[in-house]
Amino acid sequence: MKKQLKIRDITLRDGQQSQFATRMTQKQIDKVLPLYKDAGFYAMEVWGGAIPDSVMRYLNENPWNRLEKIKTEIGNNSKLTALSRGRNLFGYNPYPDEIIEGFCKNSIESGLDIMRIFDALNDIDNMKSTIDFVQKYKGKVDCAICFTVDPKFQKIDKFKSFIKGKKLPQDIFNLDYYLNKALQLEDLGADIITIKDMAGLLHPEFAYKLINLLKSKISVPLNLHVHCTPGYGLATTLVSMLNEIDIIDTVIMNFAGGSAGPAFELVHLFANKLNLETGVNIEVVSKINHELIDIQTELQEFDKRETTPLNFNIFKDAIPDTINNLFDQAIVHAKEKHFDDLLSCIHKIENYFNFPEPNEAVKNAEIPGGMYSNLLAQLETLKLGHLLDKVLKYVPKVRLDSGCPPLVTPTSQIVGGQAVNCVVDESKDKEPFYTTISKQFTNLVKGSYGKTPTEIDPEFRKYITGNEKEIPYDTTEYQKQPNPIFEELGGVKLAKNEKEVLLLELFPTVAKPFLKTIREKEFNDNMEKYRDEEQNDEFNQLQGAIE
């Protein structure tokens, strides 16, 4: 009997967010839902992340409607999952329990089955309230640990540290670090634990040790989420399959690879060779991918990929013997722990299927691909693109000063933005480091976002914040967003129900104009209906008089 490997499809959230800036419309989603209903995926990630913001900001669509429509079509055929940033939910600042509870309750009532909860600092305390509320409303809790690596310091940093008699921290994010986080989350009632490798930095050699360790120590299912930007993703996925991972996140072929996750089709080919049963209907997957090819054409203006995947139908198309042999060789190399040979095989396989080459700049910088492109965009806006290498060299210093946070949203933006500030100050105005300090960086150092993995130097904290003591965020000072009444629209409130109030709280700058447009349309529609009814009454009266 085959062992089971569950597949969570993340095409409709993470896949389209990574490749097409989260621009899939509801109409495009609706095209593939009838197929997804019969695909047989264990779960589908369809919500959270950038989706609620983007569908309002760019598509003028209601994010709650998207979740509800998907649930109506999929039913219980696959579990629907979403991504949530713990106490921060979607913003930078932590929210009070009232907002977190409302979000969890309405998400589950709208059709969510599993909430994947993470914290940018891997601060377990920031995840507790969301875990409690998801459990309260009978949802499943998927607790994610953000994978990262130690800062890569330059020789000059090491020399300066030696002169000052201070040791640079090392071996922070080791096996024990991840095991301790997993055990804490299991104790809190996690139904699933996910290794969330948002930057694609999980090397197959470390993955071999990590997955093996976690599988031996925790009793709940273990899920792997990786990206492919630096070239490790598929190799790390194969190693995890050999170590009996329970669930793997994949993306359907035409939205996969590069900055997104590994292709389901390639994972399925490996699963067949390893005698693993995914339970996924590959004929249906081939039909979904056919639709995605058309959707990709419609989203072309947002597609920044230099290459697009091979038009491969997993149900009908055979692969050449030479490529089939590469799959076999990759398995052998993974079993024998020949990781360089494994990566070489995987890259040849990916090259055949026309996936991008590993991004060497991102791999060497050891930062997420999105952070890399954001840094470059910031510098080019300032006409300082030539300073990118210098900024990348200073990212580890800024990260160390701020407590070595994992580089994931929002800490990647905070650390990256501050590194840009420091280099720009030094290069243009000859000012010392930390002359220009962002509000978000100040809050990170202050303690507003939670406990950082390493302690922050009290002297540095005092220099940045004015106080050497850590000051956690106080949610008792939270002020709700105003919900004004529009007399000119018939005396209606901007947000008419709890779900709309939550949109205001979580996305105030986007939700305000979005909801205002809805209220205006409702008012105009009602006025038009009233005029039609009035004209009907006049016509009926006139008709009666004639008769």
Side-chain angles (χ1 to χ4, degrees), residues 120-122 146 148-174 177 199 201 230 361-379 382 384-466 468 470:
L121 300 178
N122 283 331
C146 295
T148 190
V149 295
D150 291 351
K152 185 190 286 185
F153 298 107
Q154 303 294 314
K155 288 182 180 179
I156 186 65
D157 295 320
K158 295 175 182 177
F159 178 73
K160 287 179 179 177
S161 178
F162 175 77
I163 293 297
K164 292 178 180 178
K166 292 183 178 180
K167 283 188 177 181
L168 289 172
Q170 55 185 349
D171 204 27
I172 305 163
F173 302 105
N174 54 26
Y177 172 87
L201 297 178
V362 170
K363 181 167 72 174
N364 293 333
E366 294 186 336
I367 61 176
M371 178 179 175
Y372 181 89
S373 56
N374 284 343
L375 291 176
L376 181 58
Q378 287 179 54
L379 289 169
L382 298 168
L384 296 171
H386 60 284
L387 293 177
L388 178 62
D389 286 345
K390 195 169 187 180
V391 170
L392 293 176
K393 288 178 182 178
Y394 281 128
V395 164
K397 171 177 171 49
V398 175
R399 190 178 170 211
L400 173 64
D401 289 342
S402 56
C404 286
L407 297 177
V408 61
T409 304
T411 50
S412 56
Q413 290 93 320
I414 295 171
V415 170
Q418 188 56 53
V420 169
N421 287 345
C422 291
V423 170
V424 169
D425 282 342
E426 184 183 63
S427 301
K428 289 182 70 175
D429 303 320
K430 307 302 179 187
E431 296 283 356
F433 254 50
Y434 301 114
T435 297
T436 303
I437 307 168
S438 73
K439 178 183 177 182
Q440 289 82 10
F441 187 78
T442 301
N443 286 337
L444 175 62
V445 172
K446 184 188 295 184
S448 297
Y449 300 136
K451 292 287 291 184
T452 51
T454 61
E455 293 293 331
I456 294 174
D457 185 338
E459 291 182 15
F460 179 75
R461 180 180 282 123
K462 185 175 182 179
Y463 175 77
I464 297 295
T465 72
E468 65 181 24
E470 181 180 331

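Predicted model only: the values in this text are computed from it and were never measured.
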Legend entry - Interatomic distance, Met371 atom CE to Leu375 atom CG [nearest 0.5 angstrom]: 5.0 Å
Legend entry - Residue list, ring pair (Phe, Tyr, Trp, His ring centres under 6.0 Å) with Tyr372, at least two apart or on another chain: none
Legend entry - Taking every non-hydrogen atom, the tightest pair across Leu388 and Leu376: CD2-CD1, 3.9 Å
Legend entry - Smallest separation among heavy atoms of Pro230 and Val362, with atom names: CG-CG1, 4.4 Å
Legend entry - Any pair counted as ring pair (Phe, Tyr, Trp, His ring centres under 6.0 Å), so long as it reaches residues 415-437, sequence neighbours left out: Tyr394-Phe433, Tyr434-Phe441, Tyr434-Phe460
Legend entry - CD/Glu431: more than 12 non-hydrogen atoms of other groups inside 6.0 Å: yes
Legend entry - Side-chain heavy-atom pair Leu387, Ser427 within 4.5 angstrom cut-off: yes
Inset, instruction - May I ask you to decide if Ser448's main-chain N or O and Asn443's side chain share a donor-acceptor pair within less than 3.5 Å? - result: no
Legend entry - Validation row: Tyr449, Thr411 side chains within 4.5 angstrom (heavy atoms): no
Inset, instruction - Working to the nearest 0.5 Å, report the span between CG of Asp401 and CG of Leu444. - result: 11.0 Å
Legend entry - Shortest non-hydrogen contact between Ser412 and Leu407, atoms and distance: CB-C, 3.8 Å
Inset, instruction - Give the minimum heavy-atom separation between Ser402 and Val445, together with the two atoms involved. - result: CB-CG2, 4.3 Å
Legend entry - Nearest-0.5 Å distance that lies between atom CD in Gln378 and atom OG in Ser373: 10.0 Å
Inset, instruction - Indicate yes or no: does Asp389 engage Lys393 in a salt bridge with an N to O separation below 4.0 Å. - result: no
Legend entry - Residues forming a salt bridge (charged side-chain N to carboxylate O under 4.0 Å, His left out) with Glu426, sequence neighbours excluded: Lys390
Inset, instruction - Could you check if a side-chain atom of Ile456 sits within less than 4.5 angstrom of a side-chain atom of Glu470, using non-hydrogen atoms only? - result: no
Legend entry - Side-chain touch Val424/Leu384, heavy atoms, less than 4.5 angstrom: yes
Legend entry - Exercise: identify the closest heavy-atom pair between Leu121 and Pro405: CD2-CB, 3.5 Å
Inset, instruction - With the side chain counted from C-beta on, respond yes when Thr442 and Lys439 share a heavy-atom pair under 4.5 Å apart, and no when they do not. - result: no
Legend entry - Non-hydrogen side-chain atoms of Asn122 and Pro453 separated by less than 4.5 Å: no
Inset, instruction - Give a yes or no answer on whether the side chain of Asn421 reaches the backbone of Ile437 with a donor-acceptor pair at less than 3.5 Å. - result: no
Legend entry - Separation between CD1 of Ile172 and CG of Leu400, rounded to the nearest 0.5 Å: 7.5 Å
Legend entry - Side-chain (Gln418) to main-chain (Thr436) donor-acceptor, under 3.5 angstrom: yes
Inset, instruction - State, yes or no, whether a side-chain contact exists between Phe173 and Val149 at a heavy-atom distance under 4.5 Å. - result: no
Inset, instruction - Could you tell me the separation between the OG1 atom of Thr465 and the CD atom of Glu468, rounded to the nearest 0.5 Å? - result: 9.5 Å
Legend entry - Minimum-distance pair of heavy atoms, taken over all atoms of Val408 and Cys146: CG1-SG, 4.0 Å
Legend entry - Atom pair CG/CG of Asn364 and Leu392 - distance to nearest 0.5 Å: 10.0 Å
Inset, instruction - Would you please test Arg399 and Thr148 for side chain to side chain contact (heavy atoms under 4.5 Å, CB included) and show each step? - result: CA-CA 12 Å; Arg399 190 178 170 211; Thr148 190; 2.9 Å; yes
